[in-house]
Each structure stands twice: as C-alpha cells, then as structure tokens.
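Working notes, structure below.
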Amino acid sequence: MKSSNQNQESRFPSLAGFLILLIVMMFFVTLSIGVIPISPLDVIQTLMLQGSDRQELVLFDFRLPGIILAILIGAGLSVSGVILQGLTHNDLADPGILGINTGAGLAVVLFIYFFQGTLGTNMSIFIMPFFALIGALFAAVLIYALAWKNGVSPIRLILVGIGVNAGFSALLMIFQLKMDPQDFRQATVWLSGDIWNPSWMFVAALLPWIGILIPYVLYKAKVLNVLHMGDDVAAGLGANVEKERRMLLITAVCLAGASVAAGGAIAFLGLIVPHISRKLIGSLHQYIIPISTLIGALLLMIADTIGKNLLSPTQIPVGIVVSILSAPYFVYLLIKSK
Amino acid sequence: MLSIIHRSSTLKIIINIITIMALVFSIGLSIAVGAVDIRLSTVWEAIFHFDKDVTSHQVIQELRLPRAFAAAMVGAFLAVSGAIMQGMTRNPLASPSIMGVTHGASFALVLMLAFFPAVSNLGLTVSSFLGAGIAVTLIFMVGSISADGLTPIKLALAGVAIGTMLSSLSSVIALHFQIEKQLGFWLAGGVADANWTSVKFLLISGAIGMIIALTIAKSITILNLGEDVATGLGQNHFMIKVFGILAVLILTGAAVSVAGVIGFVGLVIPHITRFIVGRNYGWIIPTSALFGALLLVLADVGARMINQPFETPVGAITSLIGVPFFLYLARGSSGEGKS
C-alpha cells in the first residue's frame with residue numbers, strides 16, 4: 001500500500017507535465033479548427049499579433065475567450081466535485097446530480113426574468129455569478145436540511161438531490177415559458193450548458209472565483225485528507241470537523257455556482273473527473289486537486305470542441321456532449337459500487 | 001379506518017364510484033375552463049344536444065372533449081404502469097419517469113421525426129414502444145450486472161444517468177435536424193394538442209394494456225410477497241414479468257406518444273392507492289387508473305389557469321406535486337441498500 005502510494009506520488013510531476021502538454025496541444029487544435037479554419041502556424045502568428053485582421057478577430061474575440069472559459073469552468077466543476085466526494089464519502093456526489101447546478105440555474109433564470117433590461121449588459125455579467133451563487137447555496141442548504149435525519153446518510157443525500165433537482169427543473173420550465181421569446185432563447189441555450197456568447201467579460205467575471213478558490217482548496221488539501229478518513233479519526237487528530245467541513249462545503253458550492261453562472265448546467269463532469277484523478281494518482285488530495293483541475297479543463301475543452309465541430313454548422317451545447325460522454329462511465333461506477 | 005377499507009370490498013367499490021364521479025365532474029370542469037370559459041350547462045348541451053352552428057359547441061367537440069379524455073387516459077396509463085413496476089420489483093421508487101422509460105420513448109420519437117418526418121401516428125406510437133423498451137432493457141441490464149441487484153437507490157441513479165444520456169442524445173438530434181420545438185413539446189409534456197385520432201389510439205392501446213394488467217394483477221400480488229413465496233405457490237415468474245413489462249411498455253409508450261414526458265404520476269399514484277386500498281393488485285390497478293386520471297385532468301386544468309393566457313406544461317405541474325412526495329419516500333428509504 002505504502003509503496004504504491006509513493007509510486008503514485010513520484011508519478012505526479014510527470015503526469016502533471018503530460019496533462020499540461022495535452023492542454024497546450026488541445027489549445028492550439030481548438031483555436032485552429034472551426035467554421036473558419038486557421039492553421040496552427042497562423043494561430044501562433046496571430047497570437048504574436050502578426051496575423052490578418054480577420055484572423056485576429058476570430059481568435060481574440062470568439063475562440064480565445066471560449067477556450068479560456070472552458071478551462072476555468074472545467075477546473076471549477078471538477079474541484080467542486082473533488083470536495084463534495086471527499087466530504088460526503090460518496091463516490092457518486094456531483095454538483096449536477098445533487099441539484100446544486102439546477103439551483104444556480106433557477107436563480108439565473110429568475111434574474112434574467114426580473115432584471116433583464118433594467119441593468120446594463122456588463123453589469124449583469126458581473127452580478128449573475130452572485131445570483132447563481134445564492135441559488136447554489138440555497139439548493140445546497142435545502143438538500144442538506146431535507147436529507148437530515150439524525151445525520152446525513154450519503155444515499156439519502158443523493159436521493160433528496162434528485163428530487164430537489166426535479167422540482168427546480170419544473171419551476172425553471174414554468175418561469176422560462178413566462179419569458180418573452182428573446183430571453184427564452186437565452187435561458188434555454190444557457191440551461192443546456194453552453195459556453196454561450198463567450199466574451200472577455202465572462203472570463204473576467206469568473207477568473208477571480210477560480211483563481212482564489214482553487215488555491216484555497218489546495219491549501220486545505222491536508223484537511224480534506226483527514227476528513228476523508230471519517231469524522232472520528234478527524235476529531236481524534238484535532239481537526240475542528242464541523243467548521244472545516246462547512247468551510248469546504250461553502251467553497252465547493254461557490255466553485256460550482258460561479259462555473260454554472262458562466263457555463264450553464266454541465267452535469268457529470270464534477271463526478272467523473274475526481275474518479276479518473278484518483279485512479280491516476282491515488283487518494284491524497286494535494287495531488288488529486290491539481291490533477292483534477294487539469295483533467296477537468298482538458299475534458300471540457302475537448303467536449304466543447306466536439307460540440308462545436310462534430311455536426312457543424314449545428315452547435316451542440318457542451319453540457320450535452322459531456323452528458324453523453326460521461327453517463328456510461330457513471331453507469332459503470334454504479335455497477336461496480338456496492 | 002384504513003384497515004376497514006383494506007378488508008371490505010364494498011367500501012372499495014364505494015371509493016371507486018366516488019372517484020369516478022369526481023373524475024366526471026373534473027372532466028366537465030376541464031371542458032369548461034380555457035381561453036373562453038364556457039358554462040357547465042353549455043358543456044352538457046354540447047355533448048348531448050350537439051348543434052354544429054354554435055361556436056362553443058364546436059370548441060367543446062373538437063378541442064376540449066378530446067383533450068380532457070386524453071388527459072384522463074394518459075394519467076391512468078402512467079399510474080397503472082407505475083403500479084405494475086412497483087409491484088413486480090418491490091421497489092418503492094420504480095416508475096416510468098424515474099426509470100428513464102419516458103426518456104427512452106421520447107428519444108425514439110425524436111429519431112423518427114428526424115429521419116422520417118412523414119411518419120404516421122401509428123409509426124410514432126410503435127417507435128415510442130420500442131424506445132421505452134430499450135430504456136427498460138438498459139436499466140434491467142445494469143441491475144443484473146451489478147453486484148447486489150437493483151436497490152431502490154441504484155435504480156434511481158441508473159434511471160437518472162440513462163435518462164440524461166437519452167435526453168442528451170435527443171437534444172443533439174433535435175438541434176441538428178432543427179426540430180427543437182417538437183422536442184421541447186415532448187419533454188415538457190402536455191395534452192393541449194390531443195385530437196380524436198389520439199383519443200382513439202389511446203383507447204385501443206389502453207384496452208390491450210389494461211386487459212394484460214388486470215389479467216396478471218393477482219400474480220403481481222403474489223409476486224409482491226417475494227419471489228420465494230411466489231415460487232412456492234407454483235407461479236411462473238418469468239411469464240408474469242414478461243407480460244408485466246409488455247403492459248408497461250404498451251401503456252407508457254401510448255401515453256408518451258400522445259402527451260410527451262409527464263413525470264411523477266406513475267410514482268405518486270400507486271403509493272397513494274396502496275395506502276388506501278391495501279396490497280391487493282386486483283384493486284390497486286383499477287383504482288390507481290382512476291386516481292391517475294383524476295390527477296392528470298386536474299393538473300391539466302391547473303396548467304391552463306396558472307399563467308393565463310399561456311399554457312404551462314402539465315409535466316411541470318405534476319413534477320411540482322410529485323417532488324415533495326418523492327422527497328418523503330427518499331427520507332424513508334434510508335435503511336434499504338447501503339452505499
């Protein structure tokens with residue numbers, strides 16, 4: 001056991017390096033393919049500000065912000081999943097399945113419904129994450145409270161999550177249909193999990209959340225390790241179990257909420273990425289967290305590229321691609337779990 | 001009080017008769033309420049002294065009447081499907097929507113609409129049977145491969161996963177062939193566009209499905225006591241399960257092909273029915289059909305009233321009614337199947 005752990009730890013630098021390499025490659029691939037193809041060489045030239053105006057427009061105004069958003073969202077959702085799975089001792093926990101994403105979605109739709117037009121576009125891009133956050137927090141508290149019955153059993157948590165999810169979806173549908181057609185379209189595309197209308201504003205709105213929260217989680221990795229061993233062990237080792245758990249839970253919800261605000265409801269990503277990471281690097285969170293960040297970013301970039309190009313000119317929302325790719329893996333986990 | 005009802009056939013008959021009367025009244029209400037409110041007396045006249053020169057009579061005959069009948073039948077079919085599934089699997093969460101069956105049916109419908117836009121109503125119905133069948137097969141396969149069988153939790157999770165995947169595939173196809181609007185309709189669920197042809201379809205498939213369901217009702221009661229007991233009593237589970245699944249597919253397929261995905265009716269109604277009439281499926285099946293019909297007719301009336309003049313999808317209404325109930329069941333099921 002110990003030797004295999006050390007083995008996996010020593011693999012960390014090469015694994016991380018390999019993933020970063022893949023991300024960089026994917027970055028150029030994604031930048032170059034699309035309705036207007038730009039060869040990788042041209043991409044590099046354009047990035048050095050030596051491309052044609054047209055290429056600059058396509059890259060800087062459309063593709064680049066989309067890719068950076070995909071990286072940020074993928075990282076945010078994955079780390080949120082790592083925390084949730086670590087805290088609940090539940091391999092099937094995920095912000096999407098637990099209904100946290102739908103909570104954020106409902107809040108955003110309510111926001112579009114009530115405030116669209118009363119605020120400037122730029123204002124609303126920065127305010128939307130906060131609304132998503134409130135929605136996500138509300139959903140999390142609601143699920144936790146409803147699942148509470150002399151403690152929270154992991155299974156009840158998930159079942160309650162499924163129920164709350166269904167209820168929020170129904171409310172979403174009712175509010176969506178009350179909107180005028182313009183807002184309706186925006187909400188629909190957004191809800192299927194799309195990096196819609198990527199702009200630098202969204203990047204700027206999301207970056208602080210991801211940039212601050214992921215390092216914070218990394219800083220708390222040892223606490224997560226201890227909590228993962230169970231409450232008794234954690235208390236024995238002197239951790240303030242309840243306080244630490246609450247802080248980490250809030251962090252997970254914030255990560256999910258901010259990601260959902262920018263990228264819509266992307267399910268399953270936060271579920272499968274931590275699993276893949278644990279397979280690759282073992283069970284220590286100081287390694288799982290960076291690896292999950294990288295894998296999540298990579299997977300979402302790939303899914304986004306597939307969605308944009310597979311059935312071109314039809315654009316498939318990235319959330320749908322992620323669901324189709326990861327639902328079979330989820331079923332596989334389900335079959336294996338006891 | 002309830003145990004008296006459980007024992008007395010007369011009381012059960014009375015309950016059923018009361019439900020039928022409530023159903024007739026709510027169908028009348030459903031016909032009267034709408035974009036133009038019509039008085040109940042006019043409804044009566046339109047049905048029994050039809051005069052084709054009167055506009056409101058036309059509206060009633062061509063739009064409201066088929067809609068109300070379709071709602072009643074769809075509700076009944078989904079409730080009976082749920083009752084059969086819960087009875088056979090002894091799983092409190094088994095139901096068409098939780099198990100992804102409705103998503104399977106709508107997936108097949110989207111496929112047909114995308115590749116054979118000229119498909120007939122019959123073709124749509126058959127394809128939604130097939131789609132429902134594929135989803136059920138997938139879920140039972142997951143159950144049979146996995147280590148400790150289909151616990152309620154695994155069933156719910158597998159249903160969510162397979163349902164999500166099928167509906168994602170449906171979205172891809174719909175987006176590519178630009179039939180999002182139709183897909184949106186199937187996923188939202190509603191009986192607004194029901195006409196006499198759909199009513200006929202529902203009647204025929206419903207008759208077949210209900211006959212199968214009532215024929216195997218007694219065997220389901222025994223199966224519900226546990227497979228060992230059932231074997232001891234000399235029952236052939238395999239054939240009963242085959243017929244049970246067949247009935248579920250016919251009923252759910254017909255319901256989805258007319259009304260789209262309407263959730264939670266098949267989950268909630270069988271529980272309420274069992275609570276009232278006991279565990280005898282000879283009673284549970286007809287009574288849950290009536291309760292399901294009543295619920296959906298009323299939900300459809302609600303769908304028209306909540307947000308006038310627009311219609312709210314009836315599936316959203318049944319979800320809002322069903323979710324608290326699901327949560328109640330989820331809280332209760334903590335003991336079964338550990339993680």
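Order of the sequence lines sets the chain letters (A, B, ...), proteins ahead of strands, with each chain counted from 1.
With a 4.5 Å cut-off on non-hydrogen atoms, B:F264 touches chain A through its side chain but not through its backbone. Neither the backbone nor the side chain of A:Y332 comes within less than 4.5 Å of any heavy atom of chain B.
Looking only at heavy-atom pairs under 4.5 Å with chain B, the residue among A:I324, A:L146, A:V321 that has the most is A:I324.
Less than 6.0 angstrom separates the ring centroid of B:F115 from the ring centroid of B:F177.
Every side chain to side chain contact (heavy atoms under 4.5 Å, CB included) that B:L138 has, sequence neighbours left out, goes to B:I134, B:I162. With sequence neighbours excluded, the residues forming a side chain to side chain contact (heavy atoms under 4.5 Å, CB included) with B:T318 are B:I262, B:V265, B:L296, B:A299, listed by chain and number.
Using modelled atom types, one finds no donor on one side chain facing an acceptor on the other under 3.5 Å when comparing A:T102 with A:S169.
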